[in-house]
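Here the structure is a predicted model, which means the values were calculated and not measured.
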Amino acid sequence: MSASAPWSFVSAPDLFNMDVADLSGGRDEAVAAAFGPDYARDLIEAPGWEAIGLNAITPTLAQAWMDQLALMQAAAGGDPAALLIAGDLIGGTWQRHPDRLEAMYGTPGATIADQVDLALDISYAWMTTLFREAGFPQVIAAIGDHDVGDNDWPLGTTSALNVNLMKRAFGEHWVDPLGLPATWNGVPSRAPEGLGEYDEGSYVRQLNDTVILSVDPFRYEGGAEALGPEGAVAIDYTPEYLGWVRRVLDAAEADPTVNHVFVQAHVPVLGPVNSRISSELMLEGGADSAFWQLLQEYGTNAGGKLRAYLAGEVHATTAIVDEVSGIAQITHGALTTTVDDTYFVAFEIAPDRITATDYRIDMERSYPGERF
C-alpha cells in the first residue's frame, strides 16, 4: 500500500480488561463452533478447567468478540493495517486469588509464579487466535496496569514480585511476533534493557508513512522497594528511558518516508478526562512531566510530526488538544465485558489529513439479556 493512498488503523485500549480465554484449548465444541477449522491450532489448555466445569468464554461471548472485531474492521474501511490496544488486555489479578489460580492453572508442585506464567500463555494465545480468526493482520499493543497484575503493588506481595514475569510474557506474545529489526533508522527498535524494566513493552513500529511508538509507563526495579504510592511500581519514566524516546522521535523527524507519529501508552497525561469504572491512573507529573515536555518539542505547532497521544485506562472518550504543541491526547476504549457499551477509534491516514472517528457499540442492545 502506497503512503499516498488513504489507509486506516483501529485503536481500542482496554478491549478485554478481564481474563477471557478458551480454557479448554479448543476442546469446548460449543465455543469452537464460532470459529474456523484452524481455531485450536495454537491454543493451550488449562489443566483444571474440565474438573471445575468452567470455561472462561461462552459461545455467546465468542460470537460477541467476533462481531465486535468485524464492526471495527468495517468502520476502518474493511482493511485496517493494524489494531492498536493501549493496555489492559487481561484482568491479570490471578495471584490475588491463589485458590482459583491453582484450580484452573495449577499443576502439582507449581509455584504461583509458574501458574501465573501459564495463565498468561493461555490468555494471550487465545487472544492472538481471536485476532487471527477475525482477520486483523497485526496487533500493536502496549502494557497496561492489568497486564502487570493490576494496581496497586504492595511490597512483599506476589503482585509486586511478579511484575517483570508478566512484562516478559507480554513481550513474548505481543512484541516478539512482530519480528522487529534490531534497529529502526539507527535507533534500537525496542527500549534498551536496564532502564527501569521498560524494554518488553516499549518499541517502534512503522506502518506505511506513520510511526507508532508504544511506551510502557510502569517503572519497575525488582519489587524490593517502594517507588511511589502504588508500591513497587511507579507510573513515570527515567531520564535514560526518555533518551531512547527522543532518539526515536529525532529519527522519525529525519526520515522523509515518515509523515506522522503517534505515541500510545496506557495512562492519560492531560486532564481532566471522562472516566467510568476506573482507578483513573495518570502519568505522574501530568502535563508538567519530563515526558510530556519532551513530546511537545515534536508536536505540529513546533513543526514536528507527532500528531496524537493515544491512551486508555478511563474507559471513556475525551479528546484534548495541547495548545502548546498541537498534540491531541485521545483517551478512549472500554472494557466490553463490564459496561453496556464500548468505544473504539478508527483512523484514516490520507496525504492531506488525518481523520479520527469515535465509534460506540451498544452491547446491551446487541446482546439483550446477556451479561458478560
Side-chain angles (χ1 to χ4, degrees), residues 3 9 11 13 84 86-87 140 142-143 180 183-192 195-196 198-199 201-219 234-273 281-313 318-332 345 347 349 351-354 356:
F9 65 88
S11 181
L84 276 59
I140 301 176
I143 287 178
L180 300 174
T183 61
W184 175 81
N185 278 347
V187 180
S189 293
R190 298 171 70 163
L195 302 181
Y198 301 109
D199 54 291
S202 301
Y203 59 100
V204 58
R205 179 69 158 173
Q206 184 169 350
L207 300 175
N208 301 315
D209 64 341
T210 298
V211 164
I212 310 295
L213 174 58
S214 297
V215 295
D216 169 12
F218 299 99
R219 177 166 61 92
I235 304 175
D236 64 12
Y237 301 102
T238 64
E240 293 80 9
Y241 180 85
L242 293 180
W244 172 76
V245 172
R246 181 181 291 281
R247 290 181 65 194
V248 171
L249 296 176
D250 283 341
E253 293 294 334
D255 187 343
T257 71
V258 174
N259 293 324
H260 313 290
V261 177
F262 288 76
V263 175
Q264 71 162 352
H266 184 62
V267 295
V269 175
L270 308 179
V273 295
L281 297 175
M282 294 190 72
L283 184 70
E284 294 177 17
D288 295 325
S289 66
F291 172 74
W292 191 256
Q293 291 174 6
L294 171 60
L295 297 193
Q296 286 179 321
E297 296 179 32
Y298 298 86
T300 302
N301 291 352
K305 300 176 182 179
L306 179 50
R307 312 304 181 202
Y309 174 78
L310 309 179
E313 168 63 23
T318 307
I320 300 175
V321 178
D322 179 39
E323 294 182 357
V324 173
S325 65
I327 299 168
Q329 174 187 275
I330 304 174
T331 50
H332 57 301
V345 175
F347 290 89
I349 312 297
D352 59 343
R353 70 188 184 281
I354 297 174

Spatial distance of atom [atom1] ([X]) from atom [atom2] ([Y]) [nearest 0.5 Å]:
X      : Y      : atom1 : atom2 : answer
Leu213 : Leu306 : CG    : CG    : 8.5 Å
Ile349 : Leu207 : CD1   : CG    : 9.5 Å
Leu295 : Ser289 : CG    : OG    : 8.0 Å

Looking at side-chain heavy atoms only, is the closest gap between [X] and [Y] below 4.5 Å?
X      : Y      : answer
Asp199 : Arg190 : no
Ile212 : Tyr203 : no
Asp209 : His260 : yes
Val269 : Tyr309 : yes

When you measure from the side chain of [X] to the backbone N and O of [Y], does any donor-acceptor pair fall under 3.5 Å?
X      : Y      : answer
His266 : Gly312 : no
Ser189 : Leu180 : no
Gln329 : Ile320 : no
Tyr198 : Thr238 : yes
Arg307 : Asn259 : yes
Lys305 : Ala252 : yes

Partners of [X] by side chain to side chain donor-acceptor pair (under 3.5 Å), sequence neighbours excluded?
X      : answer
Glu297 : Arg246
Asp236 : Arg219
Gln206 : Trp184, Thr257
Gln264 : Ser214

**Report entry** For Val324, side chain to side chain contact (heavy atoms under 4.5 Å, CB included) partners two or more places apart
**Finding:**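 Side chain to side chain contact (heavy atoms under 4.5 Å, CB included) list for Val324, sorted by chain: Gln296, Asp322.
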Query raised in the report: Considering residues at least two apart in sequence or located in another chain, which fulfil the side chain to side chain contact (heavy atoms under 4.5 Å, CB included) criterion with Asn185?
Result: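 Result, side chain to side chain contact (heavy atoms under 4.5 Å, CB included) vs Asn185: Ala251, Asp255.
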Mind listing the closest non-hydrogen atom pair of [X] and [Y] along with its distance?
X      : Y      : result
Arg247 : Pro188 : NH1-CD, 3.8 Å
Gly299 : Ile327 : CA-CG1, 3.8 Å
Val263 : Phe291 : CG1-CZ, 4.3 Å
Tyr237 : Val215 : OH-CG2, 3.4 Å

Requested in this report: Identify, with sequence neighbours excluded, every residue that meets ring-ring contact (aromatic ring centres under 6.0 Å, His included) alongside Phe347.
Outcome: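 ring-ring contact (aromatic ring centres under 6.0 Å, His included) list for Phe347, sorted by chain: Phe9, Phe262.
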Query raised in the report: Can you say whether the rings of Tyr241 and Trp244 are parallel (under 30°), tilted (30 to 60°) or perpendicular (over 60°)?
Result: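 Geometry flag for Trp244 against Tyr241: tilted rings.
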